[in-house]
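So the structure is just underneath, and the comments pick up after that.
In the text below, chain A, chain B and the rest are named by the order of the sequence lines, each starting its count at 1.
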Amino acid sequence: MNAITKRPSSLTQAQFHYCPGCGHSVVHRLVAEVIDELNIKDRAVVVAPVGCAVFADKYFDVDSIQGPHGRGPAIATGIKRAKPESIVFSYQGDGDLASIGMAEIVHAAARGENITVIFINNTIYGMTGGQMAPTTLVGQVATTAPKGRNEKLQGNPINVSEMLAQLKSAKYIERVSSDSAPNIIKAKKAIKKAFQNQLDGVGFSFVEVLSICPTNWGVTPLKGLEFLREKMIAQYPLGVFKDLTVANKEGK
Amino acid sequence: MAEKVLMKGNEALAEGAIRAGCRFFAGYPITPQNEVPEYMSWRQEEAGGAFVQAESEVSAINMLYGAAATGVRAMTSSSSPGLSLKQEGISYMAGADLPCLIVNIMRGGPGLGNIAGAQGDYTQATRGGGNGDYRTFVLAPFSVQELANFPKKAFELSEKYRVPAMILADGILGQMMEGMSFDFEPVDPKTLPQPCWAIGGKHADRARNMVFSYALGEGELEKMVLKRAERYALIERDEVIYEERDTQDAEVLIVAYGISARASIAAMNIARANGIKAGLLRPITLWPFPSKRIAELSKKVKAILCVEMSMGQMKVDVDLSVKNACPVYLHAKPGAFFPVAEEIAIAIESALKGRKDQLFNIEDLAKKAENKIYAVNNPVCKEGALL
Ligand SMILES: Cc1ncc(C[n+]2csc(CCOP(=O)(O)OP(=O)(O)O)c2C)c(N)n1
Ligand code: SF4
């Protein structure tokens with residue numbers, strides 16, 4: 001019998017602790033496949049966040065560092081500047097990146113750090129039990145917004161990709177989704193590009209992945225995917241918000 | 001003998017760090033330490049290192065976390081309010097057992113306070129100011145010469161025990177100019193061994209490394225904390241540094257560090273000229289604190305006088321060392337720019353003769369506040385002014 005797929009070698013043997021259907025599992029696999037394909041396992045460093053992906057350091061079979069809530073891009077900056085031959089990626093959730101760590105991500109992008117950031121937008125604080133995130137949709141129920149996010153009290157969600165695309169030194173910004181096979185293939189392409197950019201010295205590359213958190217949304221994974229397609233994409237359109245990859249490569 | 005030059009404290013510190021092999025610096029502007037990042041901004045480039053002006057102290061300490069994890073000698077500096085922001089990161093680095101250097105050129109507090117020199121961050125520095133059970137080395141220079149020499153010492157201690165190190169100085173030391181010389185061979189970072197725990201770089205030849213501070217499995221965290229406690233115990237036994245002056249025949253022992261020790265030396269000479277035998281113990285490591293030596297001396301002297309630019313923060317450590325073997329007094333100059341030798345000399349005499357002049361006295365202060373506060377209906381303010 002021929003194997004048509006196998007576990008990426010950049011994943012350890014540890015079993016994921018993620019809930020069934022969780023977007024983190026899908027994205028972990030995609031990142032690991034990319035690390036394998038680019039053959040960068042012995043120079044990759046994962047910066048694990050505070051959030052459900054805190055144990056990303058146990059799952060990726062590469063050098064790792066786990067840091068304070070939201071500070072991944074600053075930690076990645078320190079590693080990359082001290083050891084430029086490393087391929088550093090910060091893996092973050094939306095509470096981590098778009099709330100407590102907003103300053104760190106904006107300034108890493110503004111400085112044009114040559115790092116890769118994988119941003120999991122599941123519209124909620126997963127690990128702490130479904131509290132409202134900066135990305136929670138208007139009307140979406142959260143444990144700290146039991147009647148749904150109220151625009152008048154809690155404002156509107158932050159579209160991080162669109163925001164970062166405004167910064168001149170951000171080189172590549174794309175939003176993808178993990179909801180279906182075609183979208184997952186696109187997501188992988190985007191992730192690969194974000195790593196390739198770092199190898200090429202292009203600069204700050206950022207991939208936002210829309211994901212589901214069935215557990216804290218209180219739905220089945222299938223219902224969760226429906227919500228993602230119907231509601232999330234309306235607020236968070238998929239696509240490339242910025243791509244200076246080519247221009248930059250030619251400029252080098 | 002190296003050439004003697006006139007140098008500003010903050011710049012001597014920065015150059016001393018470069019010569020100690022520091023090749024990463026991240027910081028954020030704050031007075032009175034601005035000369036450190038300013039100097040580093042061009043000097044790191046010249047030395048082939050990295051300099052980042054961070055968007056905040058929070059970010060700077062996390063850049064340090066990342067850089068230190070790669071095994072380079074890495075440093076950040078700030079002043080008091082900035083150190084408050086760095087505490088989370090320091091706690092993570094202590095938890096991840098990473099060597100690094102953090103500098104605090106202290107200014108007056110709490111809050112925005114002022115930009116004059118102060119020593120009000122003693123407790124924060126010596127107790128591990130962030131969350132959890134940890135310590136950091138705390139070295140307290142008292143001259144521009146020591147500011148230049150201590151980064152090397154700090155890196156060596158920090159690497160030996162994998163415990164973060166702090167240099168705790170104050171705005172006066174940072175700003176003053178003094179004759180000094182760089183009297184050690186510059187360290188070439190290439191000659192330093194790459195630590196086995198470091199992450200990053202290209203490596204086909206080793207297994208992956210993980211840097212983290214969590215331990216969620218049952219009993220795991222306790223094991224980590226206890227292991228660290230063993231190292232802390234060894235440090236407390238073996239790495240205490242202090243200086244003594246005229247303690248052999250002293251009847252009053254002054255305990256003071258940093259700039260307060262400078263003023264105390266002058267005060268000691270005044271006291272001796274007046275026939276009072278005063279001596280000085282200057283803690284150089286504030287953690288580990290020279291408790292053992294202070295305990296020994298407390299059995300020989302008639303009184304101990306703590307001189308500090310804070311309200312008895314260091315005195316707590318002296319009290320813990322002395323255990324009531326002799327009276328311990330406090331001459332406190334919080335946020336006052338500089339302790340005055342003549343005032344300390346009076347405090348020395350008061351300590352010896354049981355007087356109150358120039359000594360901190362809790363009962364008298366409470367009385368003063370009582371008369372003000374209980375005299376009016378609103379206990380905290382009257383016509384908008386704090387009593
Ligand atoms: C300084 C600090 N504040 C708060 C927390 C608690 N905390 C842990 S995870 C988390 C939210 C994570 O949510 P998100 O980033 O959206 O990631 P997810 O779990 O959804 O993947 C919070 C607030 C913490 N660990 N540290
Ligand atoms: S709580 Fe949500 S984000 Fe966390 S593992 Fe479960 S599904 Fe994933």
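- Residue contact with chain B, scored on non-hydrogen atoms closer than 4.5 Å, involves the side chain of Thr12(A) exclusively.
- If you take CE on Met210(B) and NZ on Lys58(A), they are separated by 5.5 Å, rounding to the nearest 0.5 Å.
- The choice from Tyr214(B), Phe51(B), Phe24(B) that makes the most heavy-atom pairs within less than 4.5 Å of chain A is Tyr214(B).
- At least one side-chain heavy atom of Arg111(A) sits less than 4.5 Å from a side-chain heavy atom of Glu55(B).
- For the set Ala198(B), Gly49(B), Gly200(B), Ala50(B), the count of heavy-atom pairs under 4.5 angstrom toward chain A peaks at Gly200(B).
- For the options Val62(A), Ile65(A), Ile40(A), heavy-atom pairs under 4.5 Å to chain B are most numerous at Ile65(A).
- Chain B forms the most heavy-atom pairs under 4.5 Å with one residue out of His69(A), Glu104(A), Glu85(A), and that residue is Glu104(A).
- Residue Ala26(B): no heavy atom, backbone or side chain, is found under 4.5 Å from chain A.
- Per-residue counts of heavy-atom pairs under 4.5 Å with chain B were compared for Pro73(A), Ser64(A), Ser86(A), Ala44(A); the largest is that of Ser64(A).
- Under the 4.5 Å side-chain criterion, counting only non-hydrogen atoms from C-beta, Ile199(B) is not in contact with Lys83(A).
- With respect to Arg206(B) and Asp63(A), a salt bridge is recorded, a charged nitrogen being found less than 4.0 Å from a carboxylate O.
- The candidate from Ala110(A), Gly67(A), Ala48(A) with the greatest count of non-hydrogen atom pairs under 4.5 Å with chain B is Gly67(A).
- A distance of 15.0 Å separates OG1 of Thr77(A) from OH of Tyr65(B), quoted to the nearest 0.5 Å.
- For Lys80(A), no part lies under 4.5 angstrom from a heavy atom of chain B.
- Contact annotation: the side chain of Ile75(A) never approaches that of Tyr92(B) to less than 4.5 Å [non-hydrogen atoms, C-beta and beyond].
- Using a distance-only test at 3.5 Å, with no hydrogens or angles considered, no donor-acceptor pair links the side chain of Arg71(A) to the main chain of Ile61(B).
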